[in-house]
Structure formats: C-alpha cells, structure tokens
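Chain identifiers are assigned alphabetically (A, B, ...) following the order of the sequence lines, protein sequences preceding nucleic acid strands; residue numbering begins at 1 within each chain. Please read all numbers here as calculations on a predicted model, not as lab measurements.
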Amino acid sequence: MEKYSIDGTPKTPTISFDLGSGVLEIKGRSIPENSIEFYKPLVDALDKYAGSPKTATNVNIQLEYFNTSSSKCILDVFKKLENINKNGSAVVINWHYEEDDEDMLEAGEDYQAIINVPFKMVQVSE
Amino acid sequence: MPVISSSIMVDAFNIYDKMERNNILLSFKGDITSELLTSILTIMENKMENMQEEPKMKKKVYNVLVECLQNLYHHMDDVADAAGDVNRSAIFMIGKVNNAYTITTGNYILSENVNGLRGRLDEVNALTKEELKEYYKKVLNNGEMSLKGGGGLGMIDIARKTGEKLEYNFLEIDNKVSFFTLNIKINQISL
C-alpha cells in the first residue's frame with residue numbers, strides 16, 4: 001500500500017501518511033522558514049488520497065512547537081481533510097497537547113472553530 | 001606587536017558592560033541565516049534547560065523567539081535588495097531580569113514601509129486578548145500567505161502568547177532606510 005512518510009528534523013515534524021489505512025500522523029516540531037515547500041508533498045498526497053479515500057480517516061497531530069508560517073500550511077492540510085470528510089470518509093482529527101500547554105490547546109481550538117471536521121482534544125503528560 | 005586602537009577596546013568594554021547590566025543571555029549582530037536560527041534556538045533551549053526554567057515559560061520563550069527570529073530572517077532581503085547589501089545585517093538580544101525575559105530585535109527596513117508596519121503594530125496593540133484570538137483566526141483563514149512567511153500572523157501570535165503590548169521604535173537613517181527596533185517582554189506573571 002502506498003505511504004508518504006518523512007523523518008523529523010529539529011525544525012520539521014515526522015510525517016507518516018498511510019493512504020491504504022487512512023491514517024495520517026504529524027509529530028514533533030514544525031518551525032521551518034519555508035513551510036509551503038515542506039508541506040507541499042503532504043498536500044499532494046492528500047489530493048491523491050481524496051480520489052479514493054477509506055471509509056474512515058484518522059489524523060493524529062502531536063506538535064511540540066509550530067510557527068505561524070506552518071499554521072497556515074496546517075490549515076491547508078485540514079481544509080483538504082474537510083473536503084475528504086464531506087465526500088464520505090469519516091475524518092477525525094486528534095489534536096494532542098501537553099497538559100500544561102494552554103497555547104497548544106488554544107491553537108487546536110482555533111482550528112476546530114474554522115474547520116468543519118470532528119476534533120478530539122487529547123491531553124498527554126509530558 | 002600588533003597595534004590595537006584603544007577606542008576599539010573601550011568600545012568592547014562598553015558593550016560588555018551594557019550587556020552585563022541588562023542581563024543579556026545571548027546576543028548576535030550580523031547576517032541572519034537559517035543555520036544561525038537553528039543554532040540560536042538550540043543554545044537558548046539548552047540555556048533554559050540549565051537554568052531549570054519552568055516548562056511553560058520555556059515554551060513561551062521558544063515560540064516567541066522563533067517568530068522574532070524568522071521575522072528578521074524573512075525581511076533581511078527587502079532592504080538589501082533595495083538599498084544595498086550593507087544593510088543586510090540585524091541585531092538580536094535576549095535577556096532575563098528577575099522572572100521576565102526580554103527579546104529585542106533591530107533591523108533596517110525601507111522608510112516607505114514604516115507607516116504600514118507602524119499601523120499593523122498599533123492595530124495589534126489596540127486589541128484585547130479575546131479580540132486578538134478572533135483577529136488571529138480571521139487572518140489565518142482569510143489572509144494570503146506570502147512565500148516569505150505567515151502573512152502577518154507573527155506579530156499577532158507574539159502579542160497573544162505574551163499578553164504584552166509590542167514595544168517598538170523607528171529611527172530614520174536617511175530617506176531610504178530606517179532602523180526598526182522591536183522589544184518583546186515575556187513575564188512570568190502574565191502566563
């Protein structure tokens with residue numbers, strides 16, 4: 001089955017997207033200077049997946065830090081997922097945040113307010 | 001024996017003394033590259049680790065640092081392209097007094113952009129915490145992203161995360177370029 005994955009660096013997250021099982025994971029730090037370039041392959045993979053999505057799509061976001069340049073790209077990713085959800089695959093976005101990280105929880109709630117997809121806020125201990 | 005001009009030595013002490021009195025943890029003057037940002041972030045992360053900084057504070061400082069540094073990084077070229085490479089340099093300082101961190105950045109900007117930037121900063125400074133949240137969402141959702149960065153989200157994000165007003169100053173160098181100073185406070189109490 002087709003998979004898009006990329007290893008994390010100090011400035012970019014680990015991404016793993018299994019198109020065969022409909023599971024997308026983004027973990028780590030997302031603070032690159034050029035986020036558009038970094039996220040483009042993922043956006044392309046989502047476009048491809050949108051053609052024949054699974055009945056359920058599970059998304060796990062577990063970011064320690066992300067910059068405002070990434071926030072826009074993450075929104076683009078979520079907008080793709082919104083469309084996939086509208087077209088029949090049940091999408092759930094699990095937004096992870098560390099228990100004392102109110103900023104990260106708020107960031108998740110910002111996306112929840114903009115994107116019409118079920119969000120689950122998941123608290124993780126440090 | 002090499003001859004060192006005494007004025008240089010005096011200057012070095014003046015700079016050192018000023019930095020010492022302001023409790024500067026790290027400072028840099030020069031060209032802002034991607035590699036430099038990575039190094040500064042690593043150094044500051046280690047320093048805060050060694051200082052046994054609270055995780056909450058550590059995260060705030062790191063986040064704000066990323067936005068401040070990337071602002072510098074993305075706007076270095078603007079002035080260099082228009083006014084020559086001499087201006088392709090910036091200053092960055094981070095200090096800690098009592099329980100508050102201060103991040104100061106300084107860089108050249110084109111004088112023609114001063115009013116626009118001043119307007120944006122004043123706009124952000126006029127908003128309450130709740131209004132900042134709404135404004136952030138609006139810009140995130142509607143704002144066009146420039147190839148260079150977050151499309152104006154940086155300052156809003158800094159104001160939101162610190163809960164402080166953005167202090168700034170513009171110093172006109174000549175009719176072409178001005179020097180922009182931004183001073184960000186991160187206070188333990190406001191966390």
B:D17, CG atom: more than 12 neighbouring heavy atoms under 6.0 Å:
yes
Run the salt-bridge test on A:D103 and B:K59 with the 4.0 Å N-O cut-off and return the result as yes or no.
no
Options A:E37, A:E98, A:M104, ranked by heavy-atom pairs under 4.5 Å with chain B, top entry:
A:E98
Checked B:L69, B:T42, B:L37 vs chain A; the most non-hydrogen pairs under 4.5 Å come from B:L37
To the nearest 0.5 Å, what is the distance between OG1 (B:T38) and CD (A:E33)?
6.0 Å
Please report the interatomic distance CG(B:N63) to CZ(A:F66), rounded to the nearest 0.5 Å.
8.0 Å
I'd like to know if the side chain of B:E67 pairs up with that of A:T68 as donor and acceptor (distance under 3.5 Å, no hydrogens or angles considered).
yes
Flag side-chain contact, heavy atom, 4.5 Å: B:V66 against A:Y65:
no
Taken to the nearest 0.5 Å, the spacing of B:L153 CG from A:S71 OG works out to 5.0 Å
In this structure, would A:V117 and A:V92 fall into the same cluster of hydrophobic residues linked by side-chain contacts under 4.5 Å?
no
Is it true that A:K79 and B:N141 share a donor-acceptor pair across their side chains at a distance under 3.5 Å?
yes
Please say whether more than 12 non-hydrogen atoms of neighbouring residues, nucleotides or ligands are located less than 6.0 Å from CG in B:N46.
yes
Determine, for A:E106 against B:R160, whether the closest basic-nitrogen to carboxylate-oxygen distance falls under 4.0 angstrom.
yes
Do side-chain atoms of B:K137 reach the backbone of A:A113 as a donor and acceptor pair under 3.5 angstrom?
no
Portion of B:I156 that has a non-hydrogen atom of chain A nearer than 4.5 angstrom
neither
Cationic N near anionic O, under 4.0 Å, A:R29 to B:E45:
yes
When you measure from the side chain of B:Q70 to the backbone of A:I31, do you find a donor-acceptor pair of N or O atoms at a distance under 3.5 Å?
yes
Chain B contact via A:I114 - which portion, at a heavy-atom distance below 4.5 Å:
side chain
